[in-house]
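Step one of this worksheet: look at the structure below.
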Amino acid sequence: MLLTITTTHSPATELGYLLHKHPDRCQSFPLSFGKAHIFYPEASIERCTAALLLDVDPVKLVRGSGTRLKQYVSDRPYVASSFLSVAIAQVFSTALGGRCKDLPELAQTPIPLVAKLSVLPCRGGEEFLRQLFEPLGYSVSAEGHALDEEFPDWGQSQYFTVELQHTLPLGDLLSHLYVLIPVLDDDKHYWVGNEEIEKLLRHGEGWLTTHPAREQITRRYLKRQQHLTRLVLAQLVESDTPDLDSAEESHAKEEAAVEKPISLNQQRLDAVIAALKQSNAKRVIDLGCGQGNLLKILLKDGFFEQITGVDVSYRALEVAQERLDRLRLTRNQWERVQLIQGALTYQDKRFSGYDAATVIEVIEHLDLPRLGAFERVLFEFAQPQTVLVTTPNIEYNIKFENLPAGKLRHQDHRFEWTRSQFQNWANQVAESFGYTVKFQPIGTEDPEVGSPTQMAVFIHNS
């Protein structure tokens with residue numbers, strides 16, 4: 001069984017530091033079921049590939065268990081399975097934990113990575129493989145293998161050669177492989193007990209909670225043991241319901257207080273509605289809808305035929321639903337709107353099929369390393385005809401008298417961009433995904449620092 005990991009990060013040989021394995025040496029590590037060999041087929045400044053060759057000894061697998069011949073003859077020595085997950089955890093333990101003594105910052109930095117698995121069992125087929133990895137932002141390439149090339153009528157096997165491409169920290173890639181390889185194989189070679197809950201939650205931290213297939217992942221990872229699955233899903237649901245009545249609502253109120261003197265929120269909503277109508281968008285999805293400020297306006301306007309609000313926070317959606325309930329809508333109006341829970345950094349088929357997507361004051365809440373995943377989810381996979389993105393203009397912050405110098409408008413903002421930074425980002429996104437983009441100021445423009453909010457209007461080149 002062969003796993004290779006390739007990077008074109010410069011200098012690419014820093015992959016050796018991250019894996020704690022020197023590119024000029026071949027190393028072997030004993031395992032309870034065989035050996036793991038680490039070597040580098042290529043190692044240059046431009047491109048570096050690390051290979052993990054897993055040599056599973058079938059005799060060790062069954063020794064002392066009163067086995068029959070058929071137990072020696074299996075696919076286990078040749079395919080990616082939980083044996084590979086164990087090998088990753090043992091020989092790449094520091095990298096899996098996101099640590100690197102020599103280059104600690106690089107360990108947390110997204111770098112271009114390509115992982116290739118020579119033979120991967122996909123019980124559920126290529127579609128299930130994509131359902132697991134594409135929501136995490138991976139480009140997936142899968143080559144199926146026939147049951148027997150001499151007898152094509154027998155059809156395709158469950159085995160694939162798989163290539164996964166993404167820009168992310170190496171530790172994240174290894175965590176995804178550690179969890180999802182046995183999920184695809186739908187099996188584990190060892191007893192699954194309570195300790196597996198801790199492993200799943202640890203290696204699934206930061207992505208499993210909002211993954212669209214989290215229930216299937218959890219069930220398969222725990223070998224379909226219902227009591228263990230229920231325990232994990234309960235913890236995932238609990239961690240996915242932040243208390244908006246405390247910190248988040250407090251921060252939102254602070255931001256609203258900053259912007260209230262110039263009625264910026266209303267100006268922002270008015271500009272978005274006008275842009276939607278100008279693009280003739282009848283079906284609109286509001287990504288990061290929060291407590292439903294835009295949804296209320298869309299729903300009361302008969303111009304819009306289908307309206308969907310999406311937010312990662314279940315509590316925010318509850319508040320949005322309560323606000324919509326107070327509108328006392330007719331049955332026909334209710335049929336035009338729906339609220340769904342979802343993360344904007346994971347591919348989700350429910351985001352597709354809309355004329356326009358609005359992303360209002362959302363991107364600044366994303367960690368910069370996750371912004372690339374968001375771009376692919378929205379512009380590559382969902383691909384609406386029109387996308388409206390608004391974000392604060394940090395240059396204008398000096399005009400707010402009640403905002404301390406050097407502070408962002410919201411304590412949860414990961415960044416706030418200047419006009420040139422926002423335009424550079426938007427132009428790059430448009431070029432990468434086949435859109436054209438134009439920019440519109442929102443709020444009164446100052447000749448020196450611009451407008452308080454900036455909006456990008458993306459139109460797909462179709």
Side-chain angles (χ1 to χ4, degrees), residues 124-140 180 183 204 206-219 233 236-237 239-242 272 276 279 281-296 298-299 304-321 323-324 333-360 362-363 365-366 370-389 429 433 435 458 460 462:
E126 182 178 347
E127 182 180 358
F128 186 54
L129 167 70
R130 294 185 179 277
Q131 287 175 2
L132 294 186
F133 283 98
E134 286 183 344
L136 296 170
Y138 288 90
S139 293
V140 179
L180 297 181
V183 168
W207 62 272
L208 181 58
T209 298
T210 52
H211 196 294
R214 69 181 180 186
E215 292 187 16
Q216 291 171 286
I217 292 171
T218 303
R219 188 179 303 112
L233 291 177
L236 292 177
V237 169
S239 67
D240 197 30
T241 53
V272 168
L276 289 172
S279 67
K282 301 288 187 178
R283 296 165 298 160
V284 179
I285 183 168
D286 186 21
L287 299 174
C289 66
Q291 299 181 10
N293 291 337
L294 179 61
L295 298 179
K296 290 197 304 180
L298 294 173
L299 191 54
F304 302 101
E305 297 174 357
Q306 183 181 356
I307 305 157
T308 297
V310 179
D311 205 277
V312 70
S313 167
Y314 182 76
R315 174 58 182 155
L317 294 176
E318 283 187 326
V319 175
Q321 185 66 63
R323 290 183 172 182
L324 295 178
Q333 288 176 305
W334 274 120
E335 291 175 349
R336 295 162 50 214
V337 65
Q338 65 171 336
L339 300 176
I340 58 178
Q341 186 180 21
L344 307 190
T345 51
Y346 299 109
Q347 185 184 354
D348 195 323
K349 293 180 179 179
R350 297 174 299 175
F351 297 173
S352 301
Y354 292 89
D355 300 326
T358 56
V359 190
I360 311 305
V362 169
I363 60 171
H365 293 267
L366 300 176
R370 305 292 291 166
L371 201 56
F374 161 75
E375 293 165 12
R376 296 195 65 206
V377 166
L378 177 54
F379 294 95
E380 180 179 351
F381 299 123
Q383 204 175 86
Q385 179 63 30
T386 301
V387 178
L388 307 180
V389 179
V429 168
F433 299 104
Y435 283 78
F458 297 85
H460 192 258
S462 58

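Along the sequence shown, residues carry numbers from 1.
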Derivation and outcome, side-chain contact (heavy atoms from CB on, under 4.5 Å), residues L136 and L180: CA-CA 11 Å; L136 296 170; L180 297 181; 4.0 Å; yes

Does the pair C289 and L317 meet the rule for a side-chain contact (heavy atoms from CB on, under 4.5 Å), with working shown? CA-CA 8 Å; C289 66; L317 294 176; 3.8 Å; yes

Evaluate the criterion side-chain contact (heavy atoms from CB on, under 4.5 Å) for residue pair Q383 and Y435; output intermediate values, then yes/no. CA-CA 10 Å; Q383 204 175 86; Y435 283 78; 3.7 Å; yes

Evaluate the side-chain contact (heavy atoms from CB on, under 4.5 Å) criterion for residues F128 and V183: first the C-alpha distance (whole Å), next the side-chain angles of each, then the deciding distance (0.1 Å), finally the verdict. CA-CA 10 Å; F128 186 54; V183 168; 4.2 Å; yes

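Using modelled atom types and a 3.5 Å distance limit, the side chains of S462 and Q385 yield a donor-acceptor pair.
To the nearest 0.5 Å, atoms CD (Q216) and OG1 (T218) are separated by 10.0 Å. Distance check: L233 CG to I217 CD1 gives 10.5 Å after rounding to the nearest 0.5 Å. The CG atom of L276 sits 7.0 Å away from atom CG of L294, with the distance rounded to the nearest 0.5 Å. Residue E134 holds its CD atom at 12.5 Å from CG of D348, rounded to the nearest 0.5 Å. Interatomic distance, F351 CZ to Y346 OH, rounded to the nearest 0.5 Å: 11.5 Å. The line from CZ of R376 to OG1 of T345 is 12.5 Å long, rounded to the nearest 0.5 Å.
A donor-acceptor pair under 3.5 Å links the side-chain atoms of Q341 to the main chain of V312, judged by distance alone. Panel note: side chain R283, backbone Q306; no donor-acceptor pair is recorded below 3.5 Å. The backbone N or O of N293 lies less than 3.5 Å from no partner atom in the side chain of R323, so there is not a single donor-acceptor pair.
For the pair L378 and P384, the minimum side-chain heavy-atom distance is below 4.5 Å. Taking 4.5 Å as the limit, every side-chain heavy atom of V362 sits out of range of all side-chain heavy atoms of F374. Side-chain contact between I307 and L295: present, with at least one pair of heavy atoms (C-beta onward) separated by less than 4.5 Å.
Counting heavy atoms of neighbouring residues, nucleotides and ligands inside a 6.0 Å radius, atom CD of E215 does not exceed 12 of them. In this structure, E335 places its CD atom where more than 12 heavy-atom neighbours from other residues, nucleotides or ligands lie under 6.0 Å away.
A320 and G292 get closest at one heavy-atom pair: CB-N, 3.9 Å. The two residues L132 and A213 make their nearest non-hydrogen contact at CD2-CB, 4.2 Å. The heavy-atom pair separating L298 from R336 by the smallest distance is O-NH2, 3.4 Å. Shortest non-hydrogen contact noted between D355 and K282 is OD2-N, 3.0 Å.
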